[in-house]
> 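One structure, as structure tokens, below. Some questions next.
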Amino acid sequence: MKDVKAWMKERLRRITEDALRRAIEEGALNLAKIPEFTIEVPQAKEHGDFAANVAMLAAREAKMPPRRIAEIITDRMEIAGSGVEKVEVAGPGFINFHLEPTWANGVIRIILEEKENYGRLDIGKGKKVQVEFVSANPTGPMHMGNARGAALGDALASVLEMAGYDVTREFYINDAGNQIENFGLSLEARYLELLGYESQIPEGGYHGEDIKDHMRELIEKEGDRFLSVDPAERRAYFVEYALKKNIERMKRDLENFGVRFDVWFSERSLHESGKVDEVIKLLTERGYTYEKDGALWFKATEFGVPKDEVLIRQNGMPTYFAADIAYHKDKFDRGFEWVIDIWGADHHGHVPRMKGALAALGYDPDKLTIIIMQLVRLYRNGEIARMSKRTGRAVTLADLVEEVGKDAARFFFNLRGADTHLDFDLDLAVKQSEENPVYYVQYAHARIASILRQAAQQNVKVPEKDDLAPSEMERLLSMLTCETEIELVKKLADFPETIRVAATTLSPYRIANYTLELASAFHSFYNVCRVLTGDEDLTKARLMLVKAVQQVLKNAFKILGISAPERM
RNA sequence: GCGCCCGUAGCUCAGCAGGACAGAGCAACGGACUUCUAAUCCGUGGGCCAGAGGUUCGAAUCCUCUCGGGCGCACCA
């Protein structure tokens with residue numbers, strides 16, 4: 001990876017370590033070894049471009065005040081030809097490095113060469129990782145929580161891809177179990193009701209308008225012929241029919257949201273293939289089950305879970321948990337080296353038992369990472385709106401895309417970390433869609449596109465790598481010296497590190513925040529510096545700069561799943 | 001009662017895996033378009049980082065407790 005910031009940090013680290021080593025050899029400092037210190041970017045500009053905290057960390061062992069240590073080190077630093085203009089000791093004992101202002105300008109050349117690959121890392125080393133997300137209940141349309149999960153999961157998967165992982169996006173279809181029973185009973189009740197018969201949706205059933213719609217449609221197509229069919233048989237048919245429709249619809253809605261899954265995995269297939277029975281048998285063989293009250297239990301307490309969990313109910317049906325164990329075993333058996341699940345906060349209690357089950361099967365529970373996503377609280381007309389699909393009044397993912405737009409919705413969700421409790425004011429989002437931050441970042445992209453169009457009209461070419469000798473390229477880029485240009489270039493140099501942090505902390509929202517910072521730096525630049533000027537060289541240099549900005553915005557947008565408009 | 005998450009500016013949230021005076025957007029107020037898109041920029045005001053202890057040279061960040069909010073604790077998924 002070509003990362004000028006990482007290079008510079010490494011160079012400064014070497015300079016610091018060399019000086020420190022000399023000090024130790026000379027006997028000026030009494031240290032057994034060099035402490036693990038950091039080179040970081042100080043918050044305040046006056047503190048320079050980078051700072052080392054080594055003196056504070058060495059103070060205790062060296063039995064000297066940090067500032068004194070810092071002075072001993074800086075006295076022995078060799079900075080000639082390193083791009084360092086000035087080193088100073090400041091505050092409690094920081095060593096601050098002031099660099100030549102244009103130290104990072106080379107990043108522009110790198111970006112223009114690497115294009116969509118700028119920011120790509122190899123920290124994943126091609127490791128096979130699965131991200132399972134959304135996995136919405138297929139008994140109805142997807143709600144706001146699913147929307148958040150979709151935005152988060154897809155961006156996370158993209159970040160990991162960018163970081164060098166081999167990522168598979170997977171959706172687990174809960175097409176078995178109790179809820180499917182209730183789904184069938186609900187469909188049947190609506191069917192009978194629509195045909196004029198008295199019928200009641202069972203407790204725990206689905207009251208949504210979509211249930212009625214399914215049956216209305218079915219009646220149009222096939223009439224009342226199911227009145228005389230055996231109830232169990234006709235419910236199976238209804239379920240089959242509606243499930244197919246719902247899954248198609250989920251695929252379509254997610255597609256419109258810019259989310260595509262590599263694998264749609266059916267829970268039912270686990271039951272049918274015998275994998276659920278198999279995994280229960282395996283747990284039993286390993287001695288982790290017992291029978292009580294006519295049910296089969298998993299000894300979850302042996303893995304630090306507060307209570308044991310049922311695997312097979314008294315009625316002989318396996319629980320969701322049993323299927324989920326089989327599912328996760330299957331994930332690892334398919335060769336995934338790392339599995340990430342994104343779950344809603346209402347499932348957080350199931351994390352320990354899932355990990356416990358994996359441990360019981362002999363798998364490494366640390367290879368399963370479960371991201372708990374706090375729920376979305378939806379406001380409408382100034383009131384908390386219930387999100388349950390069972391009320392039939394919930395705002396769906398499709399509604400959201402229609403009202404707010406894909407880009408705004410995806411950007412909004414990825415502006416915050418998974419563990420923030422998110423308040424989503426729908427009225428505000430709709431009303432203020434013009435003021436949504438997503439337009440701010442996209443506008444930067446469109447503005448650059450406009451500049452590039454103007455340049456093309458004037459027959460001014462953005463120099464490519466082959467058009468210029470390296471020294472000429474360097475000369476042009478060194479012309480970018482005004483403050484807004486320097487700031488903008490530094491932001492560009494931040495991108496690889498942003499990817500790294502986003503990937504290692506599983507926090508795609510950092511990418512969204514980064515785009516805001518980059519766009520802000522660009523807009524500031526734009527208001528101060530004109531790109532197309534009478535000065536041919538300066539024009540070329542600035543064209544390269546804005547082209548690089550556009551490229552990085554595009555790369556970040558791709559991760560976030562938002563579009564990069566040429567005009568707005 | 002037990003467990004997980006959260007509590008930073010009027011509002012929504014950052015704070016780069018402990019660092020130097022706490023940031024951004026929105027909202028409020030005041031400025032900037034004869035020049036590449038003003039969906040922009042520049043400036044002003046606004047904070048005992050919920051509270052109390054502790055660890056550390058150094059805490060919004062780590063630990064403990066208290067208070068407040070959300071979510072779990074089914075032979076539902």
Side-chain angles (χ1 to χ4, degrees), chain A residues 38 40-44 46-47 51 53 55-57 59-60 65-66 90-94 96 137 139 174 176-182 204 267 292-297 306-307 309-315 317-321 323-324 344-352 372-375 377 412 415-425 428 432 434-437 439-440 442-444 446-455 457-458 484 494 497-498 501-502 504-505 507 509-510 513-514 516-517 519-520 522-533 539 542 546 567-568:
Chain A
T38 58
E40 49 192 45
V41 178
Q43 247 177 25
E46 311 83 74
H47 296 140
N53 64 348
M56 280 103 81
L57 298 173
R60 181 188 286 252
F94 286 105
N96 290 342
N137 203 325
T139 52
N174 299 127
N178 232 345
Q179 74 200 335
I180 295 297
E181 290 295 309
N182 284 329
E267 178 185 354
K292 193 184 87 182
D293 305 332
L296 187 74
W297 295 71
K307 59 177 201 52
E309 302 279 348
V310 172
L311 292 173
I312 300 180
R313 292 192 283 257
Q314 204 170 26
N315 65 10
M317 300 291 291
T319 58
Y320 171 85
F321 179 48
D324 217 18
D346 51 343
H347 288 69
H348 75 259
H350 301 154
V351 174
I372 295 300
M373 186 183 65
Q374 296 304 315
L375 301 177
R377 201 162 39 177
F412 184 86
L415 224 37
R416 286 110 177 72
D419 52 12
T420 64
H421 297 83
L422 203 98
D423 288 341
F424 198 111
D425 188 326
L428 205 68
Q432 295 198 333
E434 295 270 311
E435 293 165 34
N436 192 299
Y439 292 90
Y440 182 82
Q442 289 182 319
Y443 183 51
R447 260 185 159 175
I448 294 169
S450 171
I451 296 171
L452 296 177
R453 278 195 299 273
Q454 296 279 330
Q457 259 174 29
Q458 298 173 22
T484 57
D494 275 342
E497 185 174 287
T498 304
V501 174
T504 52
T505 62
S507 310
Y509 74 87
R510 289 179 188 280
N513 284 320
Y514 172 81
L516 285 172
E517 289 169 12
S520 168
F522 168 75
H523 287 311
S524 296
F525 157 81
Y526 182 92
N527 274 269
V528 175
C529 298
R530 218 188 132 73
V531 175
L532 303 172
T533 65
T539 300
R542 287 186 174 162
V546 299
R567 295 168 205 276
M568 285 174 75

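Proteins get letters first, then strands, A, B, ... in listed order; numbering begins at 1 in each. Atom set for the values below is all heavy atoms of this structure, side chains included, hydrogens, waters and symmetry mates excluded. As the structure is a computational prediction, the values presented were derived from the model and not from experiment.
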> Could you work out the separation of B/rU40 and B/rC26 based on their P atoms and round it to a whole Å?
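It works out to 7 Å between them.
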> A/V310 has a side chain; which of B/rA74, B/rC75, B/rC57 sits nearest to it?
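Between B/rA74, B/rC75, B/rC57, the one nearest the side chain of A/V310 would be B/rC75.
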> If we ignore hydrogens and angles and just use 3.5 Å, is the side chain of A/N53 paired with the main-chain N or O of A/T38 as donor and acceptor?
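Judged by distance alone, yes, a pair lies under 3.5 Å.
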> Just how far, in rounded Å, is P of B/rA77 from CG of A/N182?
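So the CG-P distance, A/N182 to B/rA77, works out to 10 Å.
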> Which base sits across from B/rU56 as a Watson-Crick or G-U pair, both distances under 3.5 Å?
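By the stated definition (distances under 3.5 Å), nothing pairs with B/rU56.
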> Heavy atoms, side chains only, cut-off 4.5 Å: are A/L415 and A/Y509 in contact?
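They are not in contact (no side-chain heavy atoms under 4.5 Å apart), so the answer is no.
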> Say you pick atom P in B/rG72 and the same atom in B/rC16; how far apart are they, in whole Å?
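30 Å, rounded to whole Å.
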> Can you check the A/Q43 CD to B/rC21 P distance for me, whole Å?
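Roughly 9 Å, once rounded to whole Å.
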> Say you pick atom P in B/rG3 and the same atom in B/rU12; how far apart are they, in whole Å?
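29 Å, rounded to whole Å.
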> Could you check B/rC6 for me: syn (within 90° of 0) or anti?
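What B/rC6 shows is an anti base, its glycosidic angle lying more than 90° from 0.
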> Of all the nucleotides listed (B/rA77, B/rC16, B/rU40), which has the minimum atom distance to the side chain of A/T319?
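The closest nucleotide is B/rA77.
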> If we take the C1' atom in both B/rA9 and B/rG25, what is their distance in whole Å?
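The answer is 12 Å between these two C1' atoms.
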> Can you tell me if A/N137 and A/Q179 form a side-chain donor-acceptor pair at under 3.5 Å?
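Note: A/N137 and A/Q179 side chains meet the donor-acceptor criterion.
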> Using a heavy-atom cut-off of 4.0 Å across all strands, would you classify A/V531 as base, sugar-phosphate, or nothing?
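Counting heavy atoms under 4.0 Å across all strands, the contact made by A/V531 includes a base.
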> Report yes if the side chains of A/S520 and A/H523 come closer than 4.5 Å at any heavy-atom pair, otherwise no.
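A/S520 does not reach A/H523 side chain to side chain.
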> Is any side-chain nitrogen or oxygen of A/R510 closer than 4.0 Å to OP1 or OP2 of B/rG15?
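Yes, within the criterion.
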> Which nucleotide, B/rC16, B/rU40, B/rC57, lies nearest any side-chain atom of A/R447?
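It is B/rU40.
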> Considering only B/rC57, B/rA14, B/rC71, which nucleotide approaches the side chain of A/L57 most closely?
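Between B/rC57, B/rA14, B/rC71, the one nearest the side chain of A/L57 would be B/rC57.
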> Would you say the side chain of A/I180 lies within less than 4.5 Å of the side chain of A/T139, judging by non-hydrogen atoms?
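Side chain of A/T139 against side chain of A/I180, heavy atoms only: contact under 4.5 Å found.
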> Would you mind classifying the nucleic acid contact of A/V41 as base, sugar-phosphate or nothing, using non-hydrogen atoms under 4.0 angstrom?
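Base contact - A/V41 has a heavy atom under 4.0 Å of at least one base atom.
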> What nucleotide, of B/rA77, B/rC21, B/rU12, holds the atom closest to the side chain of A/R416?
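Of the candidates, B/rU12 comes closest.
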> Does a side-chain N or O from A/Y440 land closer than 4.0 Å to OP1 or OP2 of B/rC41, or not?
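Yes, because at least one side-chain N or O of A/Y440 sits under 4.0 Å from OP1 or OP2 of B/rC41.
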> Using Watson-Crick or G-U wobble geometry with both distances under 3.5 Å, which nucleotide pairs with B/rA39?
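Pairing partner: none.
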> Quick one: which of B/rC21, B/rA77, B/rC5 gets closest to the side chain of A/D419?
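Among B/rC21, B/rA77, B/rC5, the one nearest the side chain of A/D419 is B/rC5.
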> Look at the side-chain N and O atoms of A/R530 and state whether any lies under 4.0 Å from the OP1 or OP2 oxygen of B/rC41.
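For B/rC41, neither OP1 nor OP2 has a side-chain N or O of A/R530 closer than 4.0 Å.
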> Would you say A/T533 and A/T539 are linked by a side-chain donor-acceptor pair, where the criterion is simply a distance under 3.5 Å?
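Yes.
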> Determine the interatomic distance between P on B/rC6 and the same-named atom on B/rA28; round to the nearest Å.
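Nearest-Å result for B/rC6 against B/rA28 at atom P: 32 Å.
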> Give the rounded distance in Å between these two atoms: CD of A/E517 and P of B/rA14.
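Result: 14 Å.
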> When all nucleic acid strands are considered with a 4.0 Å heavy-atom cut-off, which category describes A/A90: base, sugar-phosphate, or nothing?
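Base contact.
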> Assign A/E181 to base, sugar-phosphate, or nothing according to its heavy-atom contacts below 4.0 angstrom with the strands shown.
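Counting heavy atoms under 4.0 Å across all strands, no contact is made by A/E181.
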> Taking the side chain as everything from C-beta on, heavy atoms only, tell me whether A/L516 gets closer than 4.5 Å to A/P437.
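Side chain of A/L516 against side chain of A/P437, heavy atoms only: contact under 4.5 Å found.
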> Name the orientation of the base relative to the sugar in B/rA17: syn if the glycosidic angle is within 90° of 0, else anti.
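B/rA17: syn.
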> If pairing requires Watson-Crick or G-U wobble contacts with both distances under 3.5 Å, which nucleotide is the partner of B/rC4?
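Looking at the geometry, B/rC4 pairs with B/rG70.
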> For A/Y439 and B/rC26, is the shortest distance between a side-chain N/O and OP1 or OP2 below 4.0 Å?
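So the side chain of A/Y439 is outside the cut-off, no N or O lying under 4.0 Å from OP1 or OP2 of B/rC26.
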> Where the side chain of A/A51 is concerned, which of B/rC75, B/rA20, B/rA77 is the nearest nucleotide?
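It is B/rA20.
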> When the distance from CG of A/N315 to C1' of B/rC76 is rounded to whole Å, what number comes out?
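Distance check: A/N315 CG to B/rC76 C1' gives 12 Å.
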> Work out how far the C1' atom of B/rG10 is from that of B/rG47, and round it to whole angstrom.
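Result for the C1' pair: 12 Å, nearest Å.
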> How many Å lie between CD on A/E309 and C1' on B/rC76, as a whole number?
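Distance, rounded to whole Å: 12 Å.
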> Below 30° counts as parallel, above 60° as perpendicular, anything between as tilted: where do the rings of A/Y526 and A/F522 land?
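Tilted, since the angle between the ring planes falls between 30° and 60°.
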> Has the side chain of A/H348 got a donor or acceptor atom that lies under 3.5 Å from a matching backbone atom of A/A345?
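Checked: pair present.
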> When you match A/A295 and A/N513 each to their closest nucleotide on RNA chain B, which lands nearer the 5' end?
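It is A/N513, whose closest nucleotide lies nearer the 5' terminus.
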> Please tell me which of A/A44 and A/D293 maps to the more 5' nucleotide of RNA chain B, matching each residue to the nucleotide holding its nearest heavy atom.
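Nearest-nucleotide comparison on RNA chain B picks A/A44.
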> Could you identify the nucleotide paired to B/rA28, looking across every strand shown and requiring Watson-Crick or G-U wobble geometry with both distances under 3.5 Å?
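The answer is B/rU44, by the H-bond criterion.
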> Whole-Å distance between B/rC36 P and A/R542 CZ?
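Result: 15 Å.
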> Just the rounded figure in Å: distance from P of B/rC26 to CG of A/L516.
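Result: 10 Å.
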> Looking at B/rC21, which nucleotide sits across from it as a Watson-Crick or G-U wobble partner, both distances under 3.5 angstrom, or is there none?
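Pairing partner: none.
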> Using the P atom as the reference point in each nucleotide, state the distance between B/rG7 and B/rA50 in Å, no decimals.
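Rounded to whole Å, the distance is 7 Å.
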> What's the closest nucleotide to the A/H47 side chain, out of B/rA20, B/rG70, B/rC75?
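From the listed options, B/rA20 comes nearest.
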> Kindly point out which of B/rC36, B/rG70, B/rA20 is positioned nearest to the side chain of A/L532?
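The answer is B/rC36.
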> Among the nucleotides B/rC41, B/rA74, B/rC36, which one has an atom lying closest to any side-chain atom of A/K307?
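Nearest to the side-chain atoms of A/K307, counting from C-beta on, is B/rA74.
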> Give me the distance, rounded to whole Å, that separates B/rA14 from B/rC49 when you measure between the C1' atoms they each carry.
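The answer is 13 Å between these two C1' atoms.
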> Would you classify A/G417 as touching base, sugar-phosphate or nothing, given that sugar-phosphate means primed atoms plus P, OP1 and OP2, and contacts are heavy atoms under 4.0 Å?
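The answer is sugar-phosphate, as A/G417 gets under 4.0 Å only of primed atoms, P, OP1 or OP2.
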> Does the base of B/rG72 carry an N or O that pairs as donor and acceptor with the side chain of A/H350 under 3.5 Å?
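Under the 3.5 Å cut-off, the side chain and the base do not form any donor-acceptor pair.
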> Please give, in whole Å, the distance from B/rU35 P to A/Y526 OH?
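After rounding, the gap between these two atoms is 10 Å.
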> Counting only side-chain N and O atoms of A/S524, is one of them less than 4.0 Å from OP1 or OP2 of B/rC42?
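So the side-chain polar atoms of A/S524 do come within 4.0 Å of the phosphate oxygens OP1 or OP2 of B/rC42, strictly under.
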